Undergrad: 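For reference, the structure I am asking about is given below.
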Amino acid sequence: AQSVTQLGSHVSVSEGALVLLRCNYSSSVPPYLFWYVQYPNQGLQLLLKYTSAATLVKGINDFEAEFKKSETSFHLTKPSAHMSDAAEYFCAVIAAGTGFQKLVFGTGTRLLVSP
Amino acid sequence: DAGVIQSPRHEVTEMGQEVTLRCKPISGHDYLFWYRQTMMRGLELLIYFNNNVPIDDSGMPEDRFSAKMPNASFSTLKIQPSEPRDSAVYFCASSRRQVVDEQFFGPGTRLTVL
C-alpha cells in the first residue's frame with residue numbers, strides 16, 4: 001500500500017530564509033504526489049501536485065517540489081519564507097492505476113516563521 | 001462558487017446522542033469525501049462517493065458511523081450513538097472528475113463529545 005513519511009513534525013525558519021519540508025513516499029506503482037497546506041481553523045488547500053509530467057512542479061505562492069524517483073522523495077521548497085507561510089503542510093500520495101484510489105496523507109509538518 | 005459548505009461549524013454534544021454533520025459540495029463535482037482529523041491519528045479518509053454512490057467506506061471506524069449522499073448537492077455523516085473518542089474535526093471535500101483531481105476542502109466541523 002502506498003504511504004508518505006514527512007520528516008519533522010515542526011520546522012522553524014526566519015522570514016526570508018529557505019523553506020524545506022521533507023516528504024518520502026512508498027509506492028509499488030508510479031505515484032501521484034501532492035502537497036496541501038492548512039491554515040489555522042481552515043480546511044486544506046492544494047499547493048501543487050505531481051502527475052508524472054515534469055519532475056519539477058511549481059505551485060502557488062512560489063512553492064515548488066521536485067520528484068526524485070531514485071530517492072523516493074518529493075520535498076517542498078520555497079526560496080524565501082514569509083510570515084504568512086506559517087501553517088501546517090501535508091504531503092499526500094495516490095497510487096496511480098489502482099482501483100478505489102484514495103488520497104493518503106502524511107502526518108503533517110508545522111512551519112513556524114519568525115521575524 | 002461558494003466552495004464546499006459544511007454545517008454546523010461547531011458541535012458540542014453528550015455521549016450517547018446522535019450527531020449529524022452536513023456537507024454541500026461544489027456544484028459540478030463528481031466526488032465527495034469525508035475525512036476526520038485528530039492529533040493522534042492525523043487526517044483519515046472515512047468514506048468517499050462518486051456520483052452519489054459510496055465507493056470506499058473502509059475508513060468508517062464502526063457501525064456507529066454512517067454516511068449518505070441522497071443527491072449531488074448534499075451529504076450527511078451521522079454518528080449514533082456518539083462517544084468521547086469521536087471528538088475530532090470532520091472535513092468534507094469534493095473534486096471534479098477524478099480522485100487525482102484537486103480536492104477542495106470545506107472549513108470543517110469541530111465535534112466535541114462530552
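Just so it is clear: chains get the letters A, B, ... in the order the sequence lines come, proteins before strands, and each one is counted from 1. Every value quoted in this text rests on a predicted model; they were computed, and no experiment measured them.
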Undergrad: With chain B, which of A:Gln42, A:Gln38, A:Gln45 has the greatest number of heavy-atom pairs at distances under 4.5 Å?
TA: A:Gln38
Undergrad: When you measure from the side chain of A:Gln6 to the backbone of A:Cys91, do you find a donor-acceptor pair of N or O atoms at a distance under 3.5 Å?
TA: yes
Undergrad: In terms of relative ring orientation, are B:Phe105 and B:Phe91 parallel, tilted or perpendicular, with 30° and 60° separating the classes?
TA: perpendicular
Undergrad: Less than 4.0 Å between a side-chain N and a carboxylate O, is that true for B:Arg64 and B:Glu18?
TA: no
Undergrad: Can you tell me which portion of B:Gln6 sits under 4.5 Å from chain A's heavy atoms? Options are side chain, backbone, both or neither.
TA: neither
Undergrad: Any salt bridge linking A:Lys78 with A:Asp85? Criterion: basic side-chain nitrogen under 4.0 Å from a carboxylate oxygen.
TA: yes
Undergrad: Taking B:Arg9, B:Glu44, B:Arg110, B:Gln37 one by one, which has the highest count of heavy-atom pairs under 4.5 Å against chain A?
TA: B:Gln37
